[in-house]
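Because the structure is a prediction, the values reported are computed rather than measured.
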Amino acid sequence: MQSRIAFQLGQTVTPALRRTALASSTTKLAFQHAHAAPYAFTVTDAKYRTIKVPHMADSITEGTLKSWAKLVGEQVEQDEEVASIETDKVDIPVNSPVGGVIRELLANEEDTVVVGQDLFKIEEGAVAEGGAAQSAPKAEEPSSSEPIAAAPKKSEPAATPVAQAAKPAAPKEAAAPAPAKESKPAASTSPVSFSTGERSERRVKMNRMRLRISERLKQSQNTAASLTTFNEIDMSNLIDLRKTYKDDVLKTHGVKLGYMGAFVKASTHALQAVPEVNASIDGDHLVYYDYCDVSVAVATPKGLVTPVLRNTERMSIVDVEQEIANLGKKARDNKITVEDMAGGTFTISNGGVFGSLYGTPIINMPQAAILGMHAIKERPVVINGKIEIRPMMYVALSYDHRIIDGREAVTFLVKLKEAIEDPRRLLLSV
């Protein structure tokens with residue numbers, strides 16, 4: 001139910017008129033203004049509940065409305081997703097707190113919305129016509145209006161007789177395909193010319209996550225005194241360990257045994273041995289963490305995200321693999337949350353899954369260091385004075401020289417190398 005009190009431009013809206021509109025306790029007053037149109041007060045039935053943009057995270061105050069999952073007139077169940085808001089970290093689903101029918105959408109796709117802003121109105125407890133979800137009636141208008149727009153063509157009856165009369169002359173028209181020749185003048189004049197092909201270009205607006213990633217990467221380069229040190233690891237023993245126990249691990253724990261679990265545990269072992277790598281700068285203080293929260297870089301269609309494995313010092317290799325599998329699935333399904341990526345004291349980036357042989361990763365601020373893993377390649381190496389072919393991996397540690405000196409950085413990589421080349425060290429903590 002709606003009662004509308006409209007005022008032409010220039011007419012004064014008096015306090016008495018406002019009180020008249022607000023007199024009923026079952027209605028609410030909303031001021032509307034349209035360009036070059038009357039000012040109006042719309043009194044809407046109170047059973048239409050207005051849903052606002054929810055709180056997303058302490059550091060997130062706005063986002064971009066990417067899509068509506070429901071339209072006006074559609075049925076919505078309680079806790080069902082109605083819209084999706086893209087932020088600079090994750091996509092936030094907006095669920096309906098009640099069941100009912102969507103009556104009004106208060107923002108358009110690609111609009112910037114802020115926390116607490118009115119987003120949509122729902123008629124609580126209502127049932128859509130026919131008992132099933134229906135698209136908004138207005139969404140059907142463009143398609144239904146197309147036949148009407150095409151109707152004026154019937155006002156040109158002479159076109160059909162002319163076309164029919166022209167049929168005897170069709171051979172002449174068929175013998176002169178002038179437009180086709182004009183589209184390729186170079187082919188008809190110069191047989192040695194080459195076509196340059198299409199030279200089109202596309203402009204795609206950067207999503208919020210990509211913009212935020214760009215800002216943070218540039219901030220890291222401008223802030224940290226970044227330096228990178230390298231080492232190489234013989235992967236033979238770890239590969240043999242994986243081949244021997246991967247089937248048993250899958251059968252017992254339901255997770256595939258990869259290399260990331262061992263590298264996370266070896267990194268944790270090295271972080272505890274070299275605490276400067278597990279630190280950060282806060283103003284004029286150095287903060288050393290007694291726990292290890294390892295961020296693992298995961299590539300998604302929208303950009304790179306770094307979900308955090310918390311307290312890895314308490315986890316086994318299998319525990320790490322299980323948590324990586326869970327977080328990776330959430331990231332690929334766009335279900336990862338801000339809480340999943342908050343914090344982190346150290347980061348591991350595995351470019352080897354894409355075939356990278358060598359690289360220098362960028363520090364994930366405010367952390368002090370990041371480990372870069374690379375592809376495993378067979379190379380000739382000297383073992384006990386003899387040349388042998390071994391599966392080798394280059395590893396890189398980019399670190400903030402304001403916190404970490406060269407000795408600590410090299411020591412960290414040596415500890416990592418020793419643990420990977422002899423995984424028994426992880427059991428003995430040596």
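The side-chain heavy atoms of Gln272 and Ser429, taken from C-beta on, include no pair separated by under 4.5 Å. Two residues are said to be in side-chain contact when any heavy atoms from C-beta on lie closer than 4.5 Å; Thr306 and Val298 fail this criterion. Taking the side chain as every heavy atom from C-beta outward, Val94 and Glu81 never approach each other to under 4.5 Å. The closest side-chain heavy-atom distance from Ile122 to Glu124 is not below 4.5 Å. Side-chain contact between Met392 and Glu378 is absent, with no heavy atoms from C-beta onward closer than 4.5 Å. By the 4.5 Å heavy-atom criterion applied to side chains, Ile281 and Ile403 are counted as neighbours. A heavy-atom distance below 4.5 Å is not found between the side chains of Ile370 and Leu397. Between Glu62 and Val115, the closest side-chain pair of non-hydrogen atoms is not below 4.5 Å.
Salt-bridge formation is not detected for the pair Lys66/Asp91: no Lys NZ or Arg NE/NH1/NH2 atom is positioned less than 4.0 Å from an Asp or Glu carboxylate oxygen. We find that Arg407 and Asp405 are not joined by a salt bridge, their nearest charged nitrogen and carboxylate oxygen being 4.0 Å or further apart.
Nearest approach of Ala107 to Trp68, heavy atoms of both residues: O-NE1, 3.1 Å. When all heavy atoms are compared, the tightest approach of Ile348 to Ser267 is CD1-OG, 3.6 Å. Ser96 approaches Val82 most closely through the heavy-atom pair CB-CG2, 3.8 Å. For the residue pair Gln367 and Gly343, the shortest heavy atom distance occurs at NE2-O, 4.1 Å. Of all non-hydrogen atoms in Val101 and Gln75, the two that sit nearest each other are CG2-OE1, 3.7 Å. The shortest non-hydrogen separation linking Ser295 to Gly344 is OG-CA, 3.6 Å.
We find the CG-CG distance between Asp422 and Leu238 to be 11.0 Å, quoted to the nearest 0.5 Å. The CD1 atom of Ile85 lies 8.5 Å from the CD atom of Gln117; values are rounded to the nearest 0.5 Å. Within the model, atoms CG of Leu71 and CD1 of Ile102 stand 9.0 Å from one another, a figure rounded to the nearest 0.5 Å. Here the CG atom belonging to Leu371 is positioned 7.0 Å from the CG atom belonging to Leu413, to the nearest 0.5 angstrom. The OG atom of Ser316 lies 10.5 Å from the CG atom of Leu427; values are rounded to the nearest 0.5 Å. With values rounded to the nearest 0.5 angstrom, Leu65 atom CG is found 9.5 Å from Thr112 atom OG1.
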Please report, to 0.1 Å, the donor-acceptor pairs under 3.5 Å made by any side chain of residues 351-365, with sequence neighbours excluded.
from	atom 1	to	atom 2	distance (Å)
Asn364	OD1	Arg216	NH2	2.9
Asn364	ND2	Thr347	OG1	3.3

Sequence neighbours left out, cut at 3.5 Å: what donor-acceptor pairs do the side chains of residues 240-256 make with other protein atoms?
from	atom 1	to	atom 2	distance (Å)
Arg242	NE	Leu257	O	2.6
Thr244	OG1	Asp240	O	2.8
Thr252	OG1	Asp248	O	2.9

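Within the structure, every pair that satisfies the side chain to side chain donor-acceptor pair (under 3.5 Å) test and touches residues 390-399, not counting sequence neighbours, is listed here: Thr228-Ser398, Asp234-Arg390, Glu388-Arg390. Judged as a salt bridge (Lys or Arg N to Asp or Glu O under 4.0 Å), the pairs with a partner in residues 312-329 (not counting sequence neighbours) are, in order, Lys329-Asp333. Pairs of residues two or more places apart, or lying in two chains, that qualify as salt bridge (Lys or Arg N to Asp or Glu O under 4.0 Å) and include a residue from residues 393-403 are Asp400-Arg402. Residues in residues 272-298 take part in these salt bridge (Lys or Arg N to Asp or Glu O under 4.0 Å) pairs, two or more places apart or across chains: Asp293-Arg310.
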Exercise for review: Under the side chain to side chain contact (heavy atoms under 4.5 Å, CB included) rule, what do Phe120 and Tyr48 come out as? Steps first, then yes or no, please.
Suggested key: CA-CA 10 Å; Phe120 64 93; Tyr48 288 2; over 6 Å; no
Review point. Can Phe263 and Ile233 be said to form a side chain to side chain contact (heavy atoms under 4.5 Å, CB included), step by step?
Key: CA-CA 11 Å; Phe263 270 90; Ile233 299 177; 4.0 Å; yes
Practice item. Show your working on side chain to side chain contact (heavy atoms under 4.5 Å, CB included) between Leu106 and Lys121 and close with a plain yes or no. Key: CA-CA 8 Å; Leu106 304 178; Lys121 293 182 180 180; 4.3 Å; yes
Check your understanding: salt bridge (Lys or Arg N to Asp or Glu O under 4.0 Å) between Glu232 and Arg379: does it pass, once the steps are laid out?
Key -> CA-CA 11 Å; Glu232 60 179 359; Arg379 297 200 308 272; 2.6 Å; yes
Exercise for review: Apply side chain to side chain contact (heavy atoms under 4.5 Å, CB included) to Thr50 and Leu119, showing your working.
Suggested key: CA-CA 7 Å; Thr50 301; Leu119 193 58; over 6 Å; no
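The salt bridge (Lys or Arg N to Asp or Glu O under 4.0 Å) search around Asp118 returns Lys52, not counting sequence neighbours. Residues satisfying the ring-ring contact (aromatic ring centres under 6.0 Å, His included) test with Tyr289, not counting sequence neighbours, are Tyr291. For Ser220, the side-chain hydrogen bond (donor to acceptor under 3.5 Å, both in side chains) criterion is met by no residue, not counting sequence neighbours. Taking Lys415 as the reference, nothing meets the salt bridge (Lys or Arg N to Asp or Glu O under 4.0 Å) condition, with sequence neighbours excluded. For Glu80, the salt bridge (Lys or Arg N to Asp or Glu O under 4.0 Å) partners at least two apart in sequence or on another chain are Lys70. Scanning for side-chain hydrogen bond (donor to acceptor under 3.5 Å, both in side chains) contacts around Asn231 gives an empty result, with sequence neighbours left out.
In this structure a side-chain-to-backbone donor-acceptor pair under 3.5 Å is missing from Asn222 to Gln219. A donor-acceptor contact shorter than 3.5 Å is absent between the side chain of Lys265 and the backbone of Val320. When atom types are taken as modelled, the side chain of Asn326 and the backbone of Gln322 share a donor-acceptor pair closer than 3.5 angstrom.
Among the candidates Val277, Thr229, Leu227, the single residue satisfying the side-chain contact (heavy atoms from CB on, under 4.5 Å) test with Ile404 is Val277.
Side-chain contact check for Thr64 and Arg208: at least one donor-acceptor pair (N or O, by modelled atom type) lies under 3.5 Å.
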